[in-house]
Amino acid sequence: MCGIVGYIGREGNASDILIDGLRRLEYRGYDSAGVAIFDGDVIDVRRAEGKLNNLEGEIRTAPIEGRVGIGHTRWATHGKPSERNAHPQRAGSVVIVHNGIIENYRELRRQLEADGRTIESDTDTELIAHCIEQSIDHGNDLLAAVREACGRLTGAYALAALSERDPTTIVAAKNGGSPMILGLGEKQAFLASDIPAILPYTRNMAFIEDGEFAVLRESGIEIFSSTGAPSPREFKTVLWDPISAEKGGYDRFMQKEIFEQPRAITDTIGTRIDETALDIDLDGIALDPAWANDLSRISLVACGTASYACMVGKYMIEHIAKIPCEVDLASEFRYRNPILNDRCIVVPVSQSGETADTLAALREGKRQGARIISITNTRDSTIARESDDVLYTHAGPEIGVASTKCFTAQVTALYLFAVKLAIVRGLLDRDERERLLRELTSLPRVVQETLALDEQIKELAHKYFKKSDFLFLGRGIMFPIALEGALKLKEISYIHAEAYAAGEMKHGPIALIDENMPVVVIANKGPLYDKLISNLEQVRARDGQVIAIATEGDTEIADKANDVIYVPDLGDFLTSIIVSIPMQLFAYHVATRKGTDVDQPRNLAKSVTVE
Ligand code: AGP
């Protein structure tokens, strides 16, 4: 996710307004930032890698005067974070800021280079600027040029463009990408990725819908449909206070991030499934077939929620890629003298990329000659910088201490990794590739459908929120999901919660069962369903209260559980992500009903950079 802001007005200093707006969007990404401001003569572009402070300092040293401009804070998807890849991107007289992923960027780049255009950056965004410039060269005004350029794009975008040849307008466009909000002031017009960026200047706002275009002038804003017909829009008064605005209207960051998961998974998949939908491009990570077939083991190392993602990843790697795979808690791995060599891959998995134990595990793997391929959500983090290769999740910044969207993004990345390894090792025929990649492609939609259970889960949470202990049970790939469900609940509601492999119940934990012990049983229709039903009956036979997570269409489970949450079935692997959604929502609603600090639970920190 990136942050976009734009301003045009009779009064006001565009530079101050843009920087202030970007500051309020920094939670959307902070790899690099930039502004492009028309100073009455030319468009002055300033960009800086790293935090917004770097750009702000540069502009303070050499101020820019002007009343029209666009700005951007970047969460890199294409092209490493650098000044060269920062936005705004420029092509001739055109500057552009963009949020989203252009899937046909390779073809587009080939076309533009064939037309003799020189591409300066690694971004897909620059290509859009060239398309707009080409159209203006053919005599179109900025609106027509942006419309024509967007007609050449496949993928999601929310963008804003400015041209020296038409500096009295900013043109915005949106299709499937993140939101684009418009704001109207007194002889002023604004645009932004999110409400907080412009809330201090106006409360009079409207949204651009998919396929629409907007023309911003100091005199006002016009919106047009994809056919060019005017698309009048009612501007409404936004009543949010600035803090709640940063939560996008949600009550807490954790809630917002739970509901951002379709986007986070979409962005993590990104353009990694190739045009044939039969192969995966892991951002160029080289996996030589001979080397991949000679691998002796893969060690996944992480802490907390990330370690549970690794446990899910283990099932995927062993079942799909047929490679022995171990999961270690990083804090244990670093001290247990693991036996590694150059036929091993060590995969540190870390949202922050700064967790001390996981970093130490990386260094132990490197010391023993293993190849380090990390999975992280944070560009240029220490773990990323010390890895041989990095497979980034693109979940956007995760503010809530309890990890949600980064967990499902990590599992998505591990699935991509497992399938790619299987393809490289020649283990999948065409049908299997099609099925595995089709399930992945439908994942964001199915997650969206599962989020619709929110109200039902809220009621369930309010029924059980006073309980003092919970058990979570799962088998196979769902055992780590049970662990994650227990961790979510305990870390934000402070209720004691444990998880067990369901088959372990009779080896001790069943002694805990009585009428005061709610037991969450993951009983999806999978290979171990019948065994789960018998585990569930063991609990009920001892008056335990069973909350079952079952698969839609299951007609047996209703009379075996006190409560049932039905979720869609997305096959043996990705149903694990689907089941994690009700776990997150249950923990969230129990905690909010209890009144704990959901976003910043006691004793916890978002990134544990100490041992
Ligand atoms: C997750 O809800 C917790 N906040 C915690 O377990 C976290 O997953 C763990 O500290 C690992 O953090 P990392 O992904 O940044 O390495």
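All values derive from a computational prediction rather than experimental measurement. Both ligands and their constituent atoms are indexed starting at 1 by order of listing. For reference, positions follow the sequence shown, starting with 1.
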* Asked: Should D283 and R272 count as an ion pair when the cut-off is N to O under 4.0 Å?
  ->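 The answer is yes: the pair qualifies as a salt bridge.
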* Asked: Any ion pair linking D122 and R84 (charged N to carboxylate O, less than 4.0 Å)?
  ->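 Looking at D122 together with R84, the answer is yes, because their closest N to O distance falls below 4.0 Å.
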* **side chain to side chain donor-acceptor pair (under 3.5 Å) between T393 and Q410, intermediate numbers included** => CA-CA 6 Å; T393 53; Q410 286 163 355; over 6 Å; no
* To do: Report yes or no: does K488 have a heavy atom closer than 4.0 Å to ligand 1?
  =>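 Yes, K488 has a heavy atom closer than 4.0 Å to ligand 1.
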* Does NZ or CZ of K525 fall inside the cone over Y529's six-membered ring, less than 6.0 Å from its centre and within 45° of the axis? -> yes
Identify, by atom number and element, the atoms of ligand 1 in contact range of [X], meaning under 4.0 Å from any of its heavy atoms.
X: T355; result: 12 (O), 13 (P), 15 (O), 16 (O)
X: A402; result: 2 (O)
X: S352; result: 13 (P), 15 (O), 16 (O)
X: S350; result: 13 (P), 14 (O), 15 (O), 16 (O)
X: G304; result: 6 (O)
X: A306; result: 8 (O), 14 (O)
X: S403; result: 1 (C), 2 (O)

* To do: Using a 4.0 Å heavy-atom threshold (strictly under), name the region of T305 that reaches ligand 1: side chain, backbone, both or neither.
  =>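 Both of them.
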* To do: Please state whether the rings of Y464 and F470 are parallel, tilted or perpendicular, taking 30° and 60° as the class boundaries.
  => perpendicular
* To do: Could you label the plane-to-plane angle of the F465 and H462 rings as parallel, tilted or perpendicular, counting under 30° as parallel and over 60° as perpendicular?
  => perpendicular
* **T408, T404, T305 screened by side chain to side chain donor-acceptor pair (under 3.5 Å) with E484, the one that passes** =>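 Exactly one pass, corresponding to T305.
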